[in-house]
**Q** 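Below is the structure I would like to discuss, written out as structure tokens.
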Protein chains: 2
Amino acid sequence: MAKSPAPYNIHDYDVPLTTVDSVLFTVHDEKLKVLLVQRGNVPFAGKWGLPGGFIEQGADADLEMCAIRKLKEKTGIAPPYIEQLLSQGGANRDPRGWSVTIVFYALVAHVNCEPHIDSVTDVQWREVSSLSAKELAFDHGQIIQLAHERLQQKALYSIVPAYALPNEFTFTELQALHEVIIGTTLEKKSFRRRIEKAKLLIDTGKSTVARGRPAKLYKVKPEGRAYRFVRNLES
Amino acid sequence: MAKSPAPYNIHDYDVPLTTVDSVLFTVHDEKLKVLLVQRGNVPFAGKWGLPGGFIEQGADADLEMCAIRKLKEKTGIAPPYIEQLLSQGGANRDPRGWSVTIVFYALVAHVNCEPHIDSVTDVQWREVSSLSAKELAFDHGQIIQLAHERLQQKALYSIVPAYALPNEFTFTELQALHEVIIGTTLEKKSFRRRIEKAKLLIDTGKSTVARGRPAKLYKVKPEGRAYRFVRNLES
DNA sequence: AGAATAGTGTCTCTTAGACAGTATGAG
DNA sequence: CTCATACTGTCTAAGAGACACTATTCT
């Protein structure tokens with residue numbers, strides 16, 4: 001413990017190894033996917049794990065900035081939605097010793113980072129439902145599951161999942177996205193009704209062109225980020 | 001500290017200072033209170049702040065164990081409910097340099113730790129509504145506010161606040177507790193109805209004795225800890 | 001016209017809000 | 001008895017589920 005007047009030196013302390021990791025979700029081909037990075041260094045060299053790493057004290061003003069910096073390096077863009085999930089820490093989660101990871105989860109539209117990811121080999125989108133915890137580095141499998149559960153809750157009482165879509169999207173796309181996240185179908189009418197009543201979307205005036213009736217294109221209002229419905233959708 | 005090919009030395013890294021802190025809530029005299037500890041060391045020596053401190057790598061198996069150990073030292077007991085709130089980290093929150101704190105929030109019945117706290121002078125319960133952020137060490141004022149907001153949400157969709165009551169309690173006590181946490185009055189009938197329907201309480205068969213009709217005493221079922229109502233109470 | 005997709009009308013059912021009413025004890 | 005507190009009955013309103021219906025485009 002610190003002796004008062006004496007100068008403080010962090011290396012006098014038995015500090016844990018502290019890192020920041022992120023679970024970046026997107027949806028593509030009706031599947032929920034998560035970004036994985038192939039590790040170059042020990043431990044778990046060659047294995048796939050979450051994008052993240054050490055804090056750079058000069059470059060990162062806070063934890064979220066650190067997470068965003070790492071994600072930018074891997075995807076080429078800053079995610080439009082990021083939120084802290086939890087921190088995992090313990091004596092046995094890293095072979096190098098007592099370690100802590102502060103974990104964020106984030107959402108991004110697949111089209112917005114496709115080119116960057118296609119250009120490298122050590123980054124890939126993996127379907128969440130195809131993952132087994134054992135194939136991933138550290139406790140990253142368990143962390144992805146926790147992030148998925150949190151995202152499922154969000155899909156039941158908010159429109160946060162919209163940030164995994166392009167800037168402009170249709171009601172049907174948003175509903176399909178929620179359905180993929182929570183793993184069930186939803187009633188079209190209930191879904192539209194609650195979002196319309198809460199006035200969370202802006203009608204862009206534009207429409208899609210495709211087979212069938214054109215669909216109106218919407219954007220999320222800024223307040224959609226924090227809005228919470230009083231009643232959950234039933235899962 | 002297993003060294004693989006290249007020996008790993010944590011002191012080669014620019015690691016942040018990592019601590020664990022807790023926001024321990026209780027209710028007494030119809031007021032929501034939080035546990036504060038007077039700091040003995042720099043920085044902020046003499047100021048009041050959250051109970052917490054450094055991880056002891058030998059003693060703490062994980063982050064939650066660390067938080068519980070610190071709370072036990074200050075209150076004499078392990079809290080019946082504890083959950084991670086968030087982690088705060090940044091270059092400027094601690095004058096010693098880049099630091100991270102992993103924050104838990106916890107609940108305890110006032111009566112269960114009264115004797116231990118009354119016996120020391122560097123620990124006190126402080127009414128949450130009387131706190132100004134400026135009088136506390138670090139960013140602890142802001143953290144307490146975030147913890148309070150999270151607890152308010154919990155009070156709207158769960159019966160987690162019950163863990164701030166003694167083991168056996170009445171419906172009226174539970175409702176009064178929820179009202180103190182969210183800062184409004186609630187409808188008696190609605191409150192009882194939803195809890196009864198969800199079957200979250202065990203009737204102990206006992207009753208209170210006091211002026212007026214005796215009230216039945218209940219305990220929380222284990223599943224009450226994780227239960228989430230589909231619909232929030234209106235705040 | 002017919003197929004495909006977008007979007008609406010409307011009935012039911014559940015449950016929270018409101019609040020008046022009844023029950024059961026102490027003094 | 002009265003008073004205080006616990007607990008219930010019951011009406012109303014909001015909103016989700018269900019699902020049949022209409023609308024608008026394409027080929």
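Convention: sequence-line order gives letters A, B, ...; per-chain numbering from 1. Predicted, not measured: the structure shown is a model, and the values here were computed from it.
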**Q** Between B:Val209 and A:Arg192, which is nearer to the 5' end of DNA chain C once each is assigned its nearest nucleotide?
**A** A:Arg192
**Q** Taking the minimum atom-to-atom distance to the side chain of B:Glu196, which one of D:dT8, C:dG17, D:dT27 wins?
**A** D:dT8
**Q** Nearest whole Å is fine: how far is C:dA16 P from B:His178 NE2?
**A** 14 Å
**Q** Strictly below 4.0 Å, heavy-atom distances to any atom of DNA chain D: list the hits from residues 213-220 of chain A, or just say none.
**A** A:Arg213, A:Pro214
**Q** Is any side-chain heavy atom of A:Arg225 closer than 4.5 Å to one of A:Val220?
**A** no
**Q** Roughly how many Å is it from CZ in A:Arg231 to C1' in C:dT15, rounded to a whole number?
**A** 7 Å
**Q** Would you say B:Asn92 has more than 12 foreign heavy atoms packed within less than 6.0 Å of its CG?
**A** no
**Q** For A:Ala210 and for A:Lys188, locate the closest nucleotide of DNA chain D by heavy-atom distance; then report the residue assigned to the nucleotide nearer the 5' terminus.
**A** A:Lys188
**Q** Assuming nearest nucleotide by heavy-atom distance, tell me which of A:Leu186 and A:Gly212 is located more 5' along DNA chain D.
**A** A:Leu186
**Q** Just wondering, are more than 12 heavy atoms of other shown residues or ligands nearer than 6.0 Å to CD in A:Glu30?
**A** no
**Q** Does atom NZ of A:Lys199 have more than 12 heavy-atom neighbours, drawn from other residues, nucleotides or ligands, at distances under 6.0 Å?
**A** no
**Q** So, do B:Trp125 and B:Cys113 sit near enough that their side-chain heavy atoms are less than 4.5 Å apart?
**A** yes
**Q** Determine: side-chain N/O of A:Lys197 to OP1/OP2 of D:dG15, distance under 4.0 Å, yes or no.
**A** yes
**Q** Rounded to the nearest angstrom, tell me the gap between atom CZ in A:Phe191 and atom P in D:dG15.
**A** 17 Å
**Q** Does NZ or CZ of B:Arg150 come closer than 6.0 Å to the centre of the six-membered ring of B:Tyr105, within 45° of the ring's axis?
**A** no
**Q** Using atom CG of A:Leu156 as one end and atom C1' of D:dA16 as the other, report the distance to the nearest whole Å.
**A** 13 Å
**Q** How many Å lie between CD on A:Glu187 and P on C:dT12, as a whole number?
**A** 17 Å
**Q** What is the distance, to the nearest angstrom, from the CG atom on A:Leu201 to the P atom on C:dG7?
**A** 12 Å
**Q** When all nucleic acid strands are considered with a 4.0 Å heavy-atom cut-off, which category describes B:Ser190: base, sugar-phosphate, or nothing?
**A** base
**Q** State whether the distance check finds a donor on one side and an acceptor on the other, under 3.5 Å, for side chain B:Lys189 versus base D:dG9.
**A** yes
**Q** Between A:Arg211 (CZ) and D:dT25 (C1'), how many Å, whole number?
**A** 9 Å
**Q** Could you point out which residue of B:Lys47, B:His140, B:Arg126 forms a side-chain hydrogen bond (donor to acceptor under 3.5 Å, both in side chains) with B:Glu135?
**A** B:Arg126
**Q** Does a distance-only test, which skips hydrogens and angles, find a donor-acceptor pair under 3.5 Å between the side chain of B:Arg193 and the base of D:dG9?
**A** no
**Q** Calculate the interatomic distance between A:Ile182 atom CD1 and D:dG17 atom C1'; express it in whole Å.
**A** 14 Å
